[in-house]
Visitor: 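Dumping the structure here so I can ask a few things about it.
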There are 2 protein chains.
Amino acid sequence: MVPVPPPFPPPPNAETAADPDAEPATEGALARSQAARRRRVLDATLQLAAAGGFDAVQMRDVAAAADVALGTVYRYFASKERLLLEAMAEQQADLRAYLDVHPPREPTPAARVVSVLRGANRSLREFPDVTAAMVRSFGTAQIENADIVRRVTEIMTGIITSAIHAPERRPATENEVRVARILMQVWLSSLNGWVCGVDGPDRVDEDLAAAAALLLP
Amino acid sequence: MVPVPPPFPPPPNAETAADPDAEPATEGALARSQAARRRRVLDATLQLAAAGGFDAVQMRDVAAAADVALGTVYRYFASKERLLLEAMAEQQADLRAYLDVHPPREPTPAARVVSVLRGANRSLREFPDVTAAMVRSFGTAQIENADIVRRVTEIMTGIITSAIHAPERRPATENEVRVARILMQVWLSSLNGWVCGVDGPDRVDEDLAAAAALLLP
DNA sequence: GCGAAAATCAGAACGTGTTCCAATTCCGAT
DNA sequence: ATCGGAATTGGAACACGTTCTGATTTTCGC
């Protein structure tokens, strides 16, 4: 989906001084096969996660399912954690793209937020093991993955911000961003409570509805 | 601190039918040495975590530092994750006990909540590696640790609830509990952002102050 | 096409959480 | 004081994430 994201380590074939134009080097057989490899690895990850959750995503199995060597998986994703976090970021980006095309139609900000997040949670509930694996990776994140964690939180906050001031095209106010951040934090914590088995899946919706009601007049 | 918490697996020396009185069997050389062992293990855990965070808490080292066999550590704590979560629960329980004696004196609920949580965060910042280890364990939690996760969240929510209706002795209203839960979720998410390196430690205080201002009129 | 450089492969190897086991020690009741 | 059973010990063993290595294949500029 991303326009040929370079593989993880300093992309060895990064544009040298020879071609300083900003073109992201999207073409070439190498780039294409690399993108395909990356995609196979991510797909294999999702497949395994869907079957048995975090523990079922074993790097040797990912490599085998993606039909690449173990070392290649690590060339693209520095760790299992990062692999799952990148899958999570992609999932959230897909959700945002979908919402750009199908924005919520409810009349009030609170109703729109609740509608969007209920929809998202419905999807997450369909693949509880995938969600558990992703949320778990999110909760374990270390400094070396701070960039993706930030990306994921920014996407989630963006989704909520858009839902708040739905059809309007103005930039979000400072207060809207604050509220969106709080809702995102509630969302993440609540998902964590669900995948830990502390609360049922419905509790996520309830938490978000309550928070939205209190925060969005 | 807890009145002789029984070791993890079905405490083998649990009161059999012979002594049905509810006395928690706090006495006896066995119970005493077990309590001491448990304490040594927890202390060793904190010591190692303070030195190098989650990764420095290696079960073999914990066993050695606590002067017990590796198998004994696992008899008391089913996993490294659980070990750290129990330490976290104890830490939170200590905080609550302290606050019962030194409740916040600010005039408004929001100010009291902010005061209490700022104080807690100040302590957490003094031992960032310990905090990181605990928060990380919290974020990784699995179903088999749902009970401690619930205990930790309940203690945190209780701390916040008490701060909201400070000196008053009435039970919390339904709305207060809802607000307290949201604040706890913001707290946990924000701590996660800090230990992940996504945000600086001050962001935790800022998030909580903003949320408290919005939620507590 | 050819050759150098990069990427990939297959698999061994290592570290740490976790489990398992036989031998020993400790506790509590007789 | 002694016996039975539970707790503890020391250490081997296993699983899986991760790293490393040397051989092989692919790509790209000429």
Side-chain angles (χ1 to χ4, degrees), chain A residues 6-19 25 27-38 40-41 45 48 52-64 66-84 133 136-137 140 142 144-145, chain B residues 6-16 18-19 25 27-38 40-41 45 48 52-64 66-85 133 136-137 140 142 144-145:
Chain A
F8 175 70
N13 60 332
E15 50 280 63
T16 52
D19 187 358
E27 54 194 335
L30 204 174
R32 216 168 316 123
S33 84
Q34 282 181 332
R37 248 174 253 276
R38 198 188 124 94
R40 287 208 306 278
V41 172
T45 300
L48 289 169
F54 186 89
D55 293 327
V57 181
Q58 303 198 355
M59 299 304 272
R60 290 172 178 83
D61 294 346
V62 170
D67 203 41
V68 298
L70 181 56
T72 305
V73 176
Y74 278 95
R75 163 178 278 276
Y76 283 77
F77 303 95
S79 66
K80 173 175 176 176
E81 192 186 291
R82 185 156 194 115
L83 175 52
L84 283 162
R136 187 168 158 189
S137 297
T140 337
Q142 307 254 247
E144 60 263 28
N145 290 321
Chain B
F8 175 69
N13 60 332
E15 50 278 67
T16 52
D19 187 0
E27 54 194 335
L30 204 172
R32 216 168 316 126
S33 85
Q34 283 180 333
R37 249 174 253 276
R38 197 188 125 94
R40 287 207 306 277
V41 172
T45 300
L48 290 168
F54 187 89
D55 293 328
V57 180
Q58 303 199 354
M59 299 304 271
R60 290 171 178 81
D61 293 347
V62 170
D67 202 41
V68 298
L70 181 56
T72 305
V73 175
Y74 278 95
R75 162 178 280 277
Y76 283 78
F77 304 94
S79 67
K80 173 175 176 175
E81 192 187 293
R82 184 153 194 118
L83 175 52
L84 284 162
L85 284 171
R136 186 167 160 192
S137 298
T140 338
Q142 308 252 239
E144 60 263 30
N145 290 321

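Every chain is numbered from 1, with letters handed out A, B, ... down the list of sequences.
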Visitor: Which part of the nucleic acid, if any, lies within reach of B:Asp67 when heavy atoms closer than 4.0 Å are counted: base, sugar-phosphate only, or nothing?
Guide: sugar-phosphate
Visitor: Measure across B:Glu81 and B:Asn145 and return the closest heavy-atom pair with its distance rounded to 0.1 Å.
Guide: OE2-ND2, 2.5 Å
Visitor: Give the B/S/- string for nucleotides 11-17 of chain D, one per nucleotide from 5' to 3', where a protein heavy atom under 4.0 Å of the base yields B, of only the sugar-phosphate yields S, and otherwise -.
Guide: --B--BB
Visitor: May I ask you to evaluate whether B:Thr72 reaches the phosphate of D:dT9, defined as a side-chain N or O under 4.0 Å from OP1 or OP2?
Guide: yes
Visitor: As an exercise, state the distance from CD of B:Gln58 to CG of B:Leu70, rounded to the nearest 0.5 Å.
Guide: 11.5 Å
Visitor: Quick one: is C:dC26 close enough that its OP1 or OP2 comes under 4.0 Å of any side-chain N or O from B:Arg37?
Guide: no
Visitor: Rounded to whole Å, please give me the gap between CZ in A:Arg75 and P in D:dT26.
Guide: 16 Å
Visitor: Going from OH on B:Tyr76 to CG on B:Leu83, what distance comes out if it is rounded to the nearest 0.5 angstrom?
Guide: 13.5 Å
Visitor: Using a cut-off of strictly less than 4.0 Å, decide whether B:Tyr76 has a side-chain nitrogen or oxygen near OP1 or OP2 of D:dT8.
Guide: yes
Visitor: Could you tell me whether the phosphate oxygens of D:dA7, OP1 or OP2, come under 4.0 Å of any side-chain nitrogen or oxygen in B:Arg38?
Guide: no
Visitor: Tell me, do B:Asp55 and B:Arg136 make a side-chain contact under 4.5 Å, heavy atoms counted?
Guide: yes
Visitor: Return the minimal non-hydrogen interatomic distance between B:Val68 and B:Arg37, and the atom names on each side.
Guide: CG1-CG, 3.7 Å
Visitor: Do you know which two heavy atoms are closest between A:Met59 and A:Tyr74, and how far apart they sit?
Guide: CG-OH, 3.4 Å
